[in-house]
Undergrad: 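Below are the structure tokens for one structure; questions will follow.
Chain letters run A, B, ... following the sequence lines, proteins first and then strands; every chain starts at 1.
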Amino acid sequence: MVLAFVDLDAGSLTPSATETLTLARELASTRGEPLRAMTFDDSGRHDDAPTAAELTTYGVVRWFRVAHPLLDAYSPELWGAASAQLVRTLAPSAVVASAGDRTTEVMAQTAARLDLPLAANCTTITATASGDEWRLTRVRNGGMLLEDAELVASTALFTVAAGAIEPAPASVVGDLTTETFSPVLDDTLPHARVIERTTRGDGVTLASARVVVSGGRGVGGADGFAPLEELAELVGGAVGCSRVATNNGWRPHRDQVGQTGTKVNPDLYIACGISGATQHWVGCMGAKHILAINTDPDAPLVSRATYAVIGDVGEVVPAVVAEIRRRTPSPLPLPAPGVGADGHDGDRPDL
Amino acid sequence: MRILVCVKRVPASGGAPQLNADGLDVRHLAFTVSPHEECAIEEAVRLVAEHGGSVTVLTVGPVEADEQLRYAISMGADDGVLVDTGTGELDPQATAAVIVDAVGDLETAAGPFDLMFFGNESPDAGHYQVGVRVAVATGRPMVGGVKGIEVDPGLSRVRLRRDVPAGVEVYETPLPAAVAVKEGLNLPRYPSMRGRLRARKASATVVRAAVSAGGLRKVRLRLPEEKQSETVLLGHGAAAAPAVVDVLQELEVL
Ligand SMILES: Cc1cc2nc3c(=O)[nH]c(=O)nc-3n(C[C@H](O)[C@H](O)[C@H](O)COP(=O)(O)OP(=O)(O)OC[C@H]3O[C@@H](n4cnc5c(N)ncnc54)[C@H](O)[C@@H]3O)c2cc1C
Ligand SMILES: Nc1ncnc2c1ncn2[C@@H]1O[C@H](COP(=O)(O)O)[C@@H](O)[C@H]1O
């Protein structure tokens, strides 16, 4: 059997869980094995019917709800110990999970407890019809490289990179049996547990912004970010930065785009004075369009960008801000009523 | 308190990777440790400054990884241990097993570590698991993705904060514990002149280890396909502003 570790959000499959199930079902069908699912639910929700219906759609025939009073709050060790017990009991040929923070953590705990290999961030997995050999491709260096690898194990553990698989419901669905798996857990096992959770307020975040205006070394200092903030405000976007800006204390780390910062997927990424080192590139390569503003026409980000302006960010960005103000009627009071931002009566049609 | 920080020597290049038959061509590259691990070193040094104790840095890899240990010492770590496994790449089970053995020896010699720090993931291999394997093998709880650490004054518990897509989670765990940290935890210091001098004189302990391979084997590295596109040059300097705003309007972001 192939076991999918399905992460739930208030009882519903997460988008990454549908990707995981799609890949797990393909592996199960190649091997002629059934697809089973394991879930943990710490949302306090107890209506199984909607979850069962979703799992059935994706071809799951047997569902193990892992349940124990000690699992009601997330704990890497307790969830890991429970998962390891179920995997040991079922002895599946493979366990597949998404590459989220928690799922990866629980899979690593499971792998460690059973001394099984785990391949993280896979984009493809190929099963052989039988036996314990698997071929896979996984993401390395934050997305700069791919690794082809082989995995040999009685039970192979995989996490699947987000977005690598196009989710698809099963063409044929069977009946689903639901079972509660109650692991044997001991409160004296040294463990970490969640004691507090705060939810972020709404508002534009770096990860969700439609436009990101990002600055690097070329911005020259913390003050140099003022025009970038103004531009971001005008386009309803967020401000990002490179690691040089973070390391110099010009911006907080939560603004950093890149391998060890945030990965962004905006419609437009405006990179101001950023060279485009690979570790930065992997954070912004998901953008639909990139505009690079740089004094160096040969900077890697200029070559990879959709659009480029060659010039000093300190001149270009304020000029762009002024041009936007000139063209769009501003809800903000202008320097002098009836006078354009550039100081003389402009030809702004709407004023 | 005794703190262990595990660091890995990795290529530092920001240029396009060059591949050869063995994988990444590293002949002309500089090496470093991950930003995550730099934050781990910084946090360990700060905690020891506050609570007393010592920071030991451990690396598994080629003898050249001595350079990364010295860097950690120049930041304020007390001593470095290098487990020489040569230049080949180890799978995560093998790496963890080597670290576990080394930890056993270090703890026998000088007592248990209260905290073990790892990076959230290694920047090259990115297995997301070496720390967890070491933690499980040594009976320690472990939280990953950590960007905030608060040790209680009695040194018996620690609170750990991590960002998740929905917000923030705070964890509590008894000590001894293991933690995988992310950049943003702190702003690592630049090594001082005194630190650099100390690092030059320091001698890292070098031990050799037998390695037994785990179940994951790298076959080859390759570059992902990248869609090539011509860059549209919108102009030079401030004069390009109208063309830029045209694009903003075209993309309907204004
Ligand atoms: C493991 C690892 C992880 C990393 N993670 C990240 C990460 O998450 N994010 C990240 O950003 N980096 C990361 N880095 C660092 C990365 O390698 C680069 O060092 C960094 O991205 C460079 O930042 P930068 O482009 O601002 O600076 P530089 O590379 O110094 O580039 C500055 C650019 O500004 C241009 N410029 C200069 N003056 C002006 C001006 N007046 N007007 C316009 N342009 C100007 C220059 O031509 C140049 O192209 C990581 C490195 C490692 C080893
Ligand atoms: N060769 C190594 N030597 C020392 N520590 C390592 C090594 N490989 C991995 N680690 C530690 O384990 C963390 C996670 O690595 P990984 O599981 O490869 O993503 C790294 O950030 C390091 O702290």
Undergrad: Is B:Leu187 in contact with chain A via its backbone, its side chain, both, or neither, using a 4.5 Å heavy-atom distance?
TA: side chain
Undergrad: Please classify the contact between A:Leu189 and chain B as side chain, backbone, both or neither, with a heavy-atom cut-off of under 4.5 Å.
TA: neither
Undergrad: Determine whether a donor-acceptor pair (N or O, by modelled atom type, separation under 3.5 Å) exists between the side chain of A:Arg304 and the backbone of A:Trp281.
TA: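 Pair absent, no side-chain N/O of A:Arg304 close to backbone of A:Trp281.
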Undergrad: Determine which residues belonging to residues 172-179 of chain B lie within contact range of chain A, meaning some heavy atom pair is under 4.5 Å apart, and list them by number or answer 'none'.
TA: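 Result: B:Glu172, B:Thr173, B:Pro174.
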Undergrad: Relative to chain B, which of A:Met144, A:His253, A:Gln256 shows the most heavy atom pairs under 4.5 Å?
TA: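 Looking at each option in turn, the highest pair count goes to A:His253.
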Undergrad: Could you go through residues 27-35 of chain B and list every donor-acceptor pair under 3.5 Å that involves a side-chain atom there, pairing it with any protein atom two or more places apart or in another chain?
TA:
from, atom 1, to, atom 2, distance (Å)
B:Arg27, NE, B:Asp25, OD1, 3.0
B:Arg27, NH2, B:Asp25, OD2, 2.8
B:Ser34, OG, B:His36, N, 2.9

Undergrad: With respect to chain A, which residue among B:Arg222, B:Gln249, B:Met142 yields the maximal number of heavy-atom pairs within a distance under 4.5 Å?
TA: B:Arg222
Undergrad: What I want to find out is whether A:Arg140 reaches B:Glu89 closely enough, with some N-O distance under 4.0 Å, to be called a salt bridge.
TA: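 Judged by the 4.0 Å cut-off on N to carboxylate O distance, A:Arg140 and B:Glu89 do form a salt bridge.
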Undergrad: Looking at A:Asp187 and A:Arg193, is any side-chain nitrogen of the basic one under 4.0 Å from a carboxylate oxygen of the acidic one?
TA: no
Undergrad: State which residue, out of B:Arg159, B:Arg162, B:Arg161, fulfils the side-chain hydrogen bond (donor to acceptor under 3.5 Å, both in side chains) condition with B:Tyr171.
TA: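 Exactly one candidate clears the test, B:Arg162.
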Undergrad: Does any backbone or side-chain atom of A:Asp148 lie under 4.5 Å from a heavy atom of chain B? Answer side chain, backbone, both or neither.
TA: both
Undergrad: Heavy-atom distances under 4.5 Å only: say whether A:Leu291 touches chain B with side chain, backbone, both or neither.
TA: side chain
Undergrad: Give a yes or no on whether the backbone of B:Lys8 and the side-chain of B:Glu37 come within a donor-acceptor separation of less than 3.5 Å.
TA: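 Yes, B:Glu37 side chain to B:Lys8 backbone: donor-acceptor pair under 3.5 Å.
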Undergrad: Only pairs of heavy atoms separated by less than 4.5 Å count here; which of B:Gly126, B:Ala240, B:Gly235 has the most with chain A?
TA: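 Among the listed options, the one with the most contacts to chain A is B:Gly235.
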Undergrad: If you check every heavy atom in residues 130-137 of chain B against those of chain A, which residues fall under 4.5 Å?
TA: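 Those residues of residues 130-137 of chain B which have a heavy atom under 4.5 Å from chain A are B:Val132, B:Arg133, B:Val136.
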Undergrad: Taking every non-hydrogen pair under 4.5 Å, which of B:Leu216, B:Leu234, B:Leu221, B:Asp124 racks up the most with chain A?
TA: B:Asp124
Undergrad: Does B:Glu150 have more than 12 heavy atoms from other residues, nucleotides or ligands lying within 6.0 Å of its CD?
TA: no
Undergrad: Is the count of non-hydrogen atoms from other residues, nucleotides or ligands lying under 6.0 Å from B:Glu226 atom CD greater than 12?
TA: yes
Undergrad: Salt-bridge test for A:Glu147 and B:Arg220: reply yes if a basic N is under 4.0 Å from a carboxylate O, no otherwise.
TA: no
Undergrad: For side-chain hydrogen bond (donor to acceptor under 3.5 Å, both in side chains), just list the numbers for A:Asp9 and A:Thr14, CA-CA rounded to whole Å, side-chain angles, deciding distance to a tenth of an Å, and then say yes or no.
TA: CA-CA 6 Å; A:Asp9 181 7; A:Thr14 62; over 6 Å; no
Undergrad: Let me know if B:Asn120 has heavy atoms under 4.5 Å from chain A in its side chain, its backbone, both or neither.
TA: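 Neither part; nothing is under 4.5 Å.
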Undergrad: Go through the atoms of B:Val247 and report whether side chain, backbone, both or neither lie under 4.5 Å from a heavy atom of chain A.
TA: side chain
Undergrad: Tell me, out of A:Pro300, A:Gly236, A:Ala111, who's got the most heavy-atom pairs with chain B below 4.5 Å.
TA: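 Max contact count across the listed options: A:Ala111.
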Undergrad: Between B:Pro188, B:Ala97, B:Pro92, B:Ser13, which shows the greatest number of heavy-atom pairs under 4.5 Å with chain A?
TA: B:Ser13
Undergrad: Quick one: pull up OG1 in A:Thr103 and CH2 in A:Trp79 and give me the separation to the nearest 0.5 Å.
TA: 10.0 Å
Undergrad: Flag the one option from A:His289, A:Arg138, A:Gln109, A:Met285 with the top tally of heavy-atom pairs under 4.5 Å to chain B.
TA: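 Of the options given, most contacts go to A:Arg138.
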Undergrad: Taking side chain as everything from C-beta outward and backbone as N, CA, C, O, which of these in B:Val244 sits under 4.5 Å from a heavy atom of chain A? Side chain, backbone, both or neither.
TA: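 Interface part for B:Val244: side chain.
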Undergrad: Taking everything shown except A:Arg135 itself, do over 12 heavy atoms lie less than 6.0 Å from its CZ?
TA: no
Undergrad: Using a 6.0 Å cut-off, check whether atom CZ of B:Arg189 has over 12 heavy atoms from anything other than its own residue.
TA: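 Enclosed.
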Undergrad: Charged N to carboxylate O under 4.0 angstrom, A:Glu105 versus A:Arg102?
TA: no
Undergrad: Picking from A:Met107, A:His280, A:Gln259, which has the most non-hydrogen pairs under 4.5 angstrom with chain B?
TA: A:Gln259
Undergrad: A:His191 versus chain B, heavy atoms under 4.5 Å apart: side chain, backbone, both or neither?
TA: backbone
Undergrad: Salt-bridged, A:Lys288 to A:Asp267, with N to O below 4.0 Å?
TA: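 Yes, charged N to carboxylate O under 4.0 Å.
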Undergrad: Check B:Asp163 with B:Lys147, please: is the shortest side-chain N to carboxylate O separation under 4.0 Å?
TA: yes
Undergrad: Which region of A:Thr246, side chain (C-beta onward) or backbone (N, CA, C, O), has a non-hydrogen atom less than 4.5 Å from a non-hydrogen atom of chain B, or is it both or neither?
TA: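 When you check distances to chain B, only backbone atoms of A:Thr246 fall under 4.5 Å.
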Undergrad: Tell me every residue that passes side chain to side chain donor-acceptor pair (under 3.5 Å) with B:Glu107, counting only those two or more places apart in sequence or in another chain.
TA: B:Arg140
Undergrad: Determine the option with the most heavy-atom pairs under 4.5 angstrom with chain B, choosing from A:Arg113, A:Arg254, A:Arg197, A:Glu315.
TA: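 It is A:Arg197.
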Undergrad: Identify which of B:Ala125, B:Pro17, B:Gly214 forms the greatest number of heavy-atom pairs closer than 4.5 Å to chain A.
TA: B:Ala125
Undergrad: Considering only heavy atoms, which portion of A:Ala119 lies under 4.5 Å from any heavy atom of chain B: side chain, backbone, both, or neither?
TA: both
